[in-house]
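Count residues from 1 along the sequence. Both counts, for ligands and for their atoms, begin at 1 and track the order of listing.
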Amino acid sequence: MSAEVVSTDRPVAVVTGGLRGIGRAIVDELSTNGFRGACVDLIAPGADDVPLPEGFRFYQLDIAAVHDHGSVVDRIVADFGRIDTLVNNAGIAVRPPTDILDVAPEDFDRSLNVNLRGTFFLSQNVARHMVGAQSPHYRSIVSIASMAAHIASYDRAQYAIGKAAVGKITQLFAARLAVDDIHVHEVRPGFIRTPMTAAAAPRIDDLVANSVPLRRWGTPEDVARTVTTLATGLLPYTTGESIWVAGGVTIPQVR
Ligand code: NAI
């Protein structure tokens with residue numbers, strides 16, 4: 001347990017995968033909007049990482065190690081007093097893309113252990129704290145899924161299956177937590193320029209030019225602003241929704 005307990009007069013967020021990419025942008029945007037909290041990541045911050053904003057602390061956790069969730073969440077609650085927002089952002093892609101006919105069980109399990117089990121059990125763990133706590137702030141759980149949940153990319157089946165399941169996790173927790181006024185949403189990003197997509201950038205350039213109505217990549221900040229809109233309650237009387245941040249790819253078109 002940490003010696004110093006952080007003042008709880010500002011809303012407290014927990015962001016998984018918060019060190020890099022979309023997660024880091026979410027930490028920064030939440031901080032800009034008055035949040036404090038926890039940046040959770042598999043890897044420890046390196047010398048090249050920009051220091052976390054004021055009020056945010058780092059906690060190391062592999063979200064696939066579900067039996068470690070409890071002790072990390074307990075430390076965060078001890079340090080900050082409570083949790084108002086959980087952002088389930090940590091996720092892993094399929095590298096290299098593999099035909100659905102060739103997916104190995106161990107690759108399938110690793111993907112689902114992070115993207116599905118990690119998201120489910122961390123939501124469960126944090127939700128238990130939330131329902132037993134009082135807070136003056138708007139409370140929410142926001143999970144980062146993917147447009148892969150909708151599109152049948154059969155060269156990354158395990159990713160698509162896990163991200164589709166995030167939609168059901170969202171609905172289930174939204175239904176269960178509504179009575180406690182805790183709002184649960186899913187965000188579905190499209191092509192976002194991050195370390196995850198760097199290796200596939202040339203192929204994605206073509207897809208963006210041909211298939212994305214807004215004709216540009218998304219940025220981590222696009223996703224972070226959407227998450228912060230949800231976490232600050234700017235979409236009132238709304239829960240269990242799936243919000244696309246994908247440049248209009250859901251518009252049916254024949255071209
Ligand atoms: P990234 O790979 O650039 O960054 C992911 C961060 O999560 C890293 O800091 C990494 O260390 C951390 N992480 C990975 N596995 C973890 C684990 N088991 N436990 C804790 N932390 C872990 O990824 P990016 O692009 O920022 O993606 C963030 C989320 O957005 C992921 O869930 C991804 O599936 C989703 N997404 C990304 C899209 C994109 O185009 N970049 C599109 C749609 C969804």
Peer 1: I want to confirm something. Looking only at heavy atoms, which of Ala145, Ala25, Ser143 is nearest to atom 44 (C) of ligand 1?
Peer 2: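 Going through Ala145, Ala25, Ser143 one by one, Ala145 has the nearest heavy atom to atom 44 (C) of ligand 1.
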Peer 1: Heavy-atom contacts with Ala90 under 4.0 Å: which atoms of ligand 1 show up? List them by number with element.
Peer 2: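 Selected atoms, number and element: 20 (C), 21 (N), 22 (C), 32 (O).
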Peer 1: Rounded to the nearest 0.5 Å, what separation is found between the CD atom of Gln124 and the CD1 atom of Ile141?
Peer 2: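 Output value for this atom pair is 10.5 Å.
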Peer 1: Out of all atoms in ligand 1, which are within 4.0 Å of some heavy atom of Ser146? Include the element for each.
Peer 2: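 Answer, ordered by atom number: 43 (C), 44 (C).
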Peer 1: Just need the protein heavy atom nearest to atom 42 (C) of ligand 1, so name the residue and atom and give the distance.
Peer 2: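 The answer is Gly190 O, 2.9 Å.
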Peer 1: Hey, is Arg139 close enough to Asp181 for a salt bridge, meaning N to O under 4.0 Å?
Peer 2: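 No, this pair does not count.
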Peer 1: Does any N or O of ligand 1 fall below 3.5 Å from an N or O anywhere on Asn89, backbone included?
Peer 2: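 So ligand 1 has an N or O lying under 3.5 Å from an N or O of Asn89.
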Peer 1: Quick check on contacts: which atoms of ligand 1 are under 4.0 angstrom from a heavy atom of Gly21?
Peer 2: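 Those of ligand 1 that fall under 4.0 Å from Gly21 are 26 (O).
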Peer 1: Can you find an N or O of Gly23 that's nearer than 3.5 Å to an N or O of ligand 1?
Peer 2: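 No, since none of the N or O atoms of Gly23 sits under 3.5 Å from an N or O of ligand 1.
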Peer 1: For atom 1 (P) of ligand 1, what is the closest protein heavy atom, and at what distance to 0.1 Å?
Peer 2: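 The closest heavy atom on the protein side is Met196 CB, 3.8 Å.
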Peer 1: What is the nearest protein non-hydrogen atom to atom 34 (O) of ligand 1, stated with its residue, atom name and distance?
Peer 2: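 Checked against all protein heavy atoms, atom 34 (O) of ligand 1 sits closest to Tyr159 OH, 2.6 Å.
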Peer 1: Given side-chain hydrogen bond (donor to acceptor under 3.5 Å, both in side chains), test Thr228 with Glu29 step by step and report yes or no.
Peer 2: CA-CA 7 Å; Thr228 303; Glu29 187 68 18; 4.8 Å; no
Peer 1: Can you tell whether the side chains of Asp84 and Arg82 come within less than 4.0 Å, N to carboxylate O?
Peer 2: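 Salt bridge present between Asp84 and Arg82.
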Peer 1: What orientation do Phe120 and Phe173 show, parallel under 30°, tilted 30 to 60°, or perpendicular over 60°?
Peer 2: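 Tilted, since the angle between the ring planes falls between 30° and 60°.
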Peer 1: Any heavy atom of Lys163 sitting closer than 4.0 Å to ligand 1?
Peer 2: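 Judged by the 4.0 Å heavy-atom criterion, Lys163 does count as contacting ligand 1.
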Peer 1: Would you mind checking which non-hydrogen protein atom is closest to atom 7 (O) of ligand 1, with the distance to 0.1 Å?
Peer 2: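 Answer, as residue, atom name and distance: Gly17 CA, 3.2 Å.
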Peer 1: When clusters are formed by joining ILVMFWY residues with side-chain heavy atoms under 4.5 Å apart, either directly or through shared neighbours, do Val223 and Val87 land in the same one?
Peer 2: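 Yes.
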Peer 1: Evaluating non-hydrogen atoms only, which member of Thr16, Ile22, Leu42 is closest to atom 16 (C) of ligand 1?
Peer 2: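 Heavy atom nearest to atom 16 (C) of ligand 1 belongs to Leu42.
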Peer 1: Any atoms of ligand 1 less than 4.0 Å from a non-hydrogen atom of Asp62? List them with their elements.
Peer 2: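 Once the distances to Asp62 are compared, the set is 17 (C), 18 (N), 19 (N).
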Peer 1: Consider ligand 1: state whether an atom of it lies below 4.0 angstrom from any non-hydrogen atom of Ala148.
Peer 2: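 Distance cut 4.0 Å: Ala148 fails for ligand 1.
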Peer 1: Examine Phe191 against ligand 1 and note whether any of their N/O atoms are separated by less than 3.5 Å.
Peer 2: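 In fact, backbone or side chain, Phe191 has no N or O that close.
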Peer 1: Look at atom 25 (O) of ligand 1 and say which protein heavy atom is nearest, naming residue and atom and giving the distance to 0.1 Å.
Peer 2: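 The closest heavy atom on the protein side is Thr194 OG1, 2.5 Å.
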Peer 1: Does any N or O atom in Pro189 lie less than 3.5 angstrom from one in ligand 1, N or O only?
Peer 2: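 Pro189 vs ligand 1: no N/O contact under 3.5 Å.
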Peer 1: In ligand 1, which numbered atoms sit nearer than 4.0 Å to a non-hydrogen atom of Leu61?
Peer 2: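 In order of number, 19 (N), 20 (C).
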Peer 1: Enumerate the atoms of ligand 1 whose separation from the nearest heavy atom of Val114 is less than 4.0 angstrom.
Peer 2: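 With Val114 as reference, the close atoms of ligand 1 come out as 18 (N).
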Peer 1: Tell me: protein heavy atom nearest atom 19 (N) of ligand 1, and distance?
Peer 2: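 That would be Ile63 N, 3.0 Å.
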Peer 1: Counting non-hydrogen protein atoms only, what is the nearest one to atom 15 (N) of ligand 1? Give residue, atom name and distance.
Peer 2: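 Answer for atom 15 (N) of ligand 1: Ile92 CG2, 3.7 Å.
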Peer 1: Using a strict cut-off of less than 4.0 Å between a Lys/Arg side-chain nitrogen and an Asp/Glu carboxylate oxygen, indicate whether Arg24 and Asp28 qualify as a salt bridge.
Peer 2: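 Looking at Asp28 together with Arg24, the answer is yes, because their closest N to O distance falls below 4.0 Å.
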Peer 1: Which of the numbered atoms in ligand 1 are under 4.0 angstrom from any heavy atom belonging to Thr197?
Peer 2: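 Result: 39 (C), 40 (O), 41 (N).
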Peer 1: Report yes or no: do Asp74 and Ser71 form a side-chain donor-acceptor pair below 3.5 Å?
Peer 2: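 Their side chains do not contain a donor-acceptor pair, so the 3.5 Å distance test is not met.
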Peer 1: Looking at atom 9 (O) of ligand 1, what's its closest protein heavy atom, distance included?
Peer 2: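 Residue, atom and distance for the closest contact: Asp41 OD2, 2.7 Å.
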Peer 1: Would you say Asn210's side chain and Asp206's backbone share a donor-acceptor pair under 3.5 angstrom?
Peer 2: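 Side chain of Asn210 to backbone of Asp206, a donor-acceptor pair under 3.5 Å: yes, one is there.
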Peer 1: Enumerate the atoms of ligand 1 whose separation from the nearest heavy atom of Gly91 is less than 4.0 angstrom.
Peer 2: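 That gives atoms 14 (C), 31 (C), 32 (O) of ligand 1.
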Peer 1: Between Asp222 and Arg216, is there a salt bridge with N-O shorter than 4.0 Å?
Peer 2: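 Yes, Arg216 and Asp222 are salt-bridged.
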Peer 1: Which pair of non-hydrogen atoms, one from Phe35 and one from Ala231, has the smallest distance, and what is that distance?
Peer 2: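 The pair with the smallest heavy-atom distance is CZ-O, 3.8 Å.
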Peer 1: So which atom in Leu86 and which in Ser123 form the shortest heavy-atom distance, rounded to 0.1 Å?
Peer 2: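 Closest heavy-atom pair between Leu86 and Ser123: CD2-CA, 3.8 Å.
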Peer 1: Measure across Pro220 and Gly21 and return the closest heavy-atom pair with its distance rounded to 0.1 Å.
Peer 2: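 In this case the closest contact between Pro220 and Gly21 is CB-O, 3.9 Å.
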Peer 1: For Asp41, is there an ion pair with Arg20 - N to carboxylate O distance below 4.0 angstrom?
Peer 2: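 No, this pair does not count.
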